[in-house]
Structure formats: structure tokens, C-alpha cells
Amino acid sequence: MRQVYLDNAATTMVHKEVVETMNKYYGNLFGNPSSIYDFGQTAKKAISSAREKIASVINANPDEVYFTGGGSESDNWAIKGVMTANRKKGNHIITTKIEHHAVLHTCEYLAKNGYEVTYLNVDSDGLISLKALEESIKDTTVMVSIMFANNEIGTIQPIKEIGDIAKRHGVLFHTDAVQAFGHVPIDVKEMNIDLLSASAHKIHGPKGVGMLYVRKGIKIDNLIHGGAQESKKRAGTENVPGICGFAKAAEMALETMNDKMASISVLRDKFLTEIPKKIENVKLNGHPTKRLPGNVNFSFEFIEGESLLLYLDMEGISASSGSACTSGSLDPSHVLMAIGLPHEIAHGSLRLSLSEFNTEEDVDYTIEKLIGVVHRLRQMSPLYIRRK
Ligand SMILES: *Cc1c(COP(=O)(O)O)cnc(C)c1O
């Protein structure tokens, strides 16, 4: 049976070249970068070179890039580290209702510990209002944390405009760019981004490694205390294979970014035009144009997302009904609620996320199977039948 992997927003296949790079550091080059003998220094040099490659993806300086254990750690560190280090300035943070749980739950934790959090609304396309952002800034505001692109609906926020507002008001700007890094152009200098989170496994790199960019001069407390690694900012013996694999993946992503943005969005647009043409009672979620090249998200009325996933799985298609982290819970996705979908529509949503490994045949096959599955499920739905 055909296997079609359309869940690249959850994780991606590790590139062959990335595995080869990592194997070197799991093999002969297993030294500890903190050791002074030549063998440790080889590992140390590999990390320096990885830092340069990662920095170049976002136009940062290499000494502004700190390796972490993934996107969730980077988000936790950025938010907790900046809020505690700048406690004298204030206790207020502004974020949005559609952030990843790594940001939302961190903010909830802070709120329980004496901090004040403002959650900005988004419109029906998933965009924040710049005016509402500006109006919510007050004397006690320390930082704004707004994601670059949403992992469920793919909407890309006006990042440069947000950066300009933050700068004008003297507040720091963190962006969770896990879905955007290596996929769309990012320039932290031009966009006035002070802190940025990224993760390797969303760009065909390994799981459990990520980075936080921290603009030079920003006050941030450690999240992980211990040894002197990462300029004393993030303790723990470095994950050398993971870091080198991340850099290899980032280097490849940067080199091929323009081509991939073009080719992947052609596949995305085929889904976006064909699905509403061939299936009735569907609604596109997320902004029609300001969206990630690989993101497709539709709600199918009268259908339960989980059943849709199971039926698609039986056809060899791997997809998601929102966020991998929310499956297992009965609550509809907080992102779909925030864009104003009623419960029953939110429950019938499907996210297809593409990568460079998908083909037009994958798209055609998926659309064909989707038509059949939606039809079959609707025939079992009393609501759908009664409506006719
Ligand atoms: C995947 C993801 C994360 C978490 O990254 P991990 O490396 O899996 O911890 C955070 N934010 C967004 C937007 C994501 O898509």
C-alpha cells in the first residue's frame, strides 16, 4: 500500500546526510568538547562550526545562538529567563491565545507565581491585531512572545511590524519560530527579534535538540544551571551529534529554501483549491495566503476528526487533526477555538503538513481517498442525513 506522510508539522523524516553527519560523532569523534586534548577539541570545533551555520539561517551572530534540548526548552528558557531576570522592570508579559503549549503553559506557570499575562485574540484567519498589541503594552511590560507561524493553521504573523512595535516601546520580543525556521526567510536584525526558538526535528534534523537565539546584551537567567557550557548560559555536556545534525539540516534547509518554498506551496495550493471543489461543507482554517508553504488545514462539517484520521491511516495516509499534543484530550484545539470555530466544526478538522519528500501523486492520492472517506463518514452521521 502507498504510504503518504503528511504530518511534517509534528515531526519530519531525518535526512540521510544528517544521519551520516551524526554517526561520525556517535562513532570515532565521540570526544567531550570540554576536554583539552585534541580529540575533545575536534568536537568543540564541530560545535563552533554548527553555531555559525545555525546563526546564518536567521542573520544572527554565532555568539547569540545557544543550543538547547529542543523547541519546548527554548520557549521555557526565553520566557522564564527573561521575566525573572527583568523582574525589577515589571511582571507583565503579552502573548497570544494560539501559541504552542510550550509557551502557553509556561505563561500559566508564571501567572501562578506573581506575573501578569495578557493573551491577545486573533481574527478568524489567525492574525493578531497590531493595534491591540500596542494598546496592551504598559509600564510593567517586559516582553512580548508571539509565534512566527502557527503549527496548526499555518498562519504567519506580521513579525517585522510586531518587532517594530516592541522596539518602539522598549519591550523585548521573543518569537517561537519552530515552524518557520528553515522554512521561510527570517532576519532577526531586520525584524527586530530579540529572542527566537527553533527545533531540529521540524527541519529533517534529530529530535531533542534546538536552539535559542538571544540578542547580545539581553538580560536572561539560566534555566539549566551547572557547568560552563554554552558561555555559562546552558549547562550540560553538549549533545554533539544532535547539534551537528541540527546544523547539517539547517544548512540544507537554507540552501534549498527558495526552491522548496515554491515547490511545496504548489502542492499545498492543489489541496487548497481541489478540496473545496470536490467536497461540500468544508472550511479552510488559517490565512489563505499568509501561511506556511506546507500547511493545509480544513474543517469538514458533520465529521469527527479522529475517525477521519483512522480511516486515512487505513489508506496509508498519516495526518493530524490539530496538534499532536492535543490528541488524547477531548477538548477541541485551543487554536481552532481562538479563530472562532464552533466546537463541532473544530472537532472535524484535518491538518495535512507537507515536506520536500511529498509528490504530486501523494496529493492526488490523498484527495481521492479523502473524498471517499468523508463521504463514508457522513453517511454514518445522523446530523448530515437529517440536514438533507
Ligand atoms: C514542535 C513545536 C514546539 C516544540 O518543539 P520540540 O522540539 O518538539 O520541543 C514548539 N513550538 C512550535 C510552534 C512547534 O511546532
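Order of appearance sets the numbers: ligands from 1, and atoms from 1 within every ligand.
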Residues in salt bridge (Lys or Arg N to Asp or Glu O under 4.0 Å) with Lys277, at least two apart? Glu274

Strictly under 4.0 angstrom, heavy-atom based: which residues surround ligand 1? Gly70, Gly71, Ser72, Asp75, His100, Met147, Asn151, Asp176, Val178, Gln179, Ser199, His201, Lys202

Does a side-chain heavy-atom distance below 4.5 Å link Ser355 with Met13?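 No - every pair of side-chain heavy atoms lies 4.5 Å or more apart.
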
Write out all pairs satisfying ring pair (Phe, Tyr, Trp, His ring centres under 6.0 Å) with one or both partners inside residues 284-320, taking only residues at least two apart or from two chains.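 Non-adjacent pairs meeting ring pair (Phe, Tyr, Trp, His ring centres under 6.0 Å): Phe302-Tyr384.
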
Parallel, tilted or perpendicular: which fits the ring planes of His101 and His334, with parallel below 30° and perpendicular above 60°? tilted

Ion pair present between Asp7 and Arg351, side-chain N to carboxylate O less than 4.0 angstrom? yes

Exercise answer: donor-acceptor pairs, residues 109-117 side-chain atoms, under 3.5 Å, sequence neighbours excluded:
residue: Asn113; atom: ND2; partner: Tyr109; partner atom: O; Å: 2.8
residue: Glu116; atom: OE1; partner: Lys138; partner atom: NZ; Å: 3.0
residue: Glu116; atom: OE2; partner: Lys138; partner atom: NZ; Å: 2.7

